[in-house]
Amino acid sequence: MADMFAETDGKRREKEDREQFLANIENFLVNGDSLILDRIFNRIDFDKIEDDVYRKLVIARLSCPSSKAATVEYLMNHFDEDMDLSKIYRYLDKLNHSQQEKVQDISVRHTTRELLGGHIGVMFYDVTTLYFEADKEDDLRKTGFSKEGRHKKPQIILGLLVSLNGYPLAYCIHEGNKYEGHTMMPVIKELF
């Protein structure tokens with residue numbers, strides 16, 4: 001009776017072929033989170049924003065939330081994408097100036113239709129300040145009240161409107177010296 005665990009010629013050749021194949025591979029990337037998040041990204045309809053940088057930034061932010069510089073490193077290490085940090089900063093300006101409305105429309109449509117059954121009963125709004133390591137102000141980055149005590153640094157105010165379950169509905173960006181109590185009603189009126 002033959003030993004069923006004995007290595008046959010076929011098994012030995014298969015093992016040798018597999019080892020030779022693996023020995024010739026110099027580098028490979030496993031992007032399971034990208035495979036899953038790409039499908040979700042498309043299902044929500046964010047693929048209607050035909051911009052590869054947007055897709056990469058969203059998936060990177062969901063996979064590994066970190067600074068912009070760390071995002072560049074993450075994209076290189078996990079997706080073999082060589083994206084310049086200045087490209088990310090330029091893209092964030094584009095996102096704020098020309099794509100914000102489209103992003104919010106897609107987000108609200110998906111959240112209200114798919115997740116909340118067509119209506120939003122309760123919303124929450126939160127505001128934070130983001131400061132910049134810069135000495136000079138510009139039209140948006142202004143010195144103002146800072147919760148972190150960085151009153152001498154230019155900053156912006158970022159507001160986020162979410163549903164009861166925490167699904168994002170809209171965001172707004174304001175000058176750093178604006179009173180945050182005046183930022184909520186404009187974003188709600190714009191949304192509805």
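Predicted model only: the values in this text are computed from it and were never measured.
- In this structure, Asn42 and Arg55 have side chains that are in contact, with non-hydrogen atoms separated by less than 4.5 Å.
- Between Phe46 and Tyr54, the angle of the ring planes goes over 60°, which puts this pair in the perpendicular group of the 30/60° scheme.
- In this structure a side-chain-to-backbone donor-acceptor pair under 3.5 Å is missing from Asn165 to Tyr167.
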Would you sort out whether Met83 and Val53 count as a side-chain contact (heavy atoms from CB on, under 4.5 Å), showing the intermediate values?
CA-CA 9 Å; Met83 187 178 296; Val53 175; 4.3 Å; yes
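- Listed for the Ser66 side chain is a donor-acceptor partner under 3.5 Å among the backbone atoms of Cys64.
- Both Val72 and Tyr89 belong to a single network of hydrophobic side chains, linked directly or stepwise wherever heavy atoms of I, L, V, M, F, W or Y lie under 4.5 Å apart.
- The neighbour count for Glu73 CD, taken as heavy atoms of other residues, nucleotides or ligands under 6.0 Å away, does not exceed 12.
- Few gaps surround CZ on Arg109; more than 12 heavy atoms of other groups in view lie less than 6.0 Å from it.
- Lys48 contributes no side-chain N or O that, together with a main-chain N or O of Lys102, makes up a donor-acceptor pair within less than 3.5 Å.
- Cluster annotation: Leu130 and Tyr179 are assigned to distinct hydrophobic clusters (Ile/Leu/Val/Met/Phe/Trp/Tyr, side-chain heavy-atom contacts under 4.5 Å, transitive).
- Although no hydrogens or angles enter the test, the distance criterion places a donor-acceptor pair under 3.5 Å between the side chain of Gln100 and the main chain of Tyr171.
- Ile44 approaches Ile106 most closely through the heavy-atom pair O-CG2, 3.4 Å.
- Donor-acceptor pairing under 3.5 Å is recorded for the side chains of Gln99 and Tyr91.
- How far CG of Leu158 is from CG of Asp126: 9.0 Å, rounded to the nearest 0.5 Å.
- Annotation for Leu140 and Asp138: closest pair N-OD1, 2.9 Å, computed over non-hydrogen atoms.
- A distance-only check finds no donor-acceptor pair linking the side chain of Thr111 to the backbone of Leu169 [under 3.5 Å].
- Note on Val108 and Met185: same hydrophobic cluster, where clusters join Ile, Leu, Val, Met, Phe, Trp and Tyr whose side-chain heavy atoms are under 4.5 Å apart, directly or indirectly.
- For Ser107 (side chain) and Val103 (main-chain N/O), no donor-acceptor pair under 3.5 Å exists by modelled atom type.
- Salt-bridge check for Asp52 with Lys56: passed, with a basic side-chain N closer than 4.0 Å to an acidic carboxylate O.
- Going from atom NZ of Lys153 over to atom OG1 of Thr129 covers 13.5 Å, rounded to the nearest 0.5 Å.
- Using a distance-only test at 3.5 Å, with no hydrogens or angles considered, no donor-acceptor pair links the side chain of Gln104 to the main chain of Ala170.
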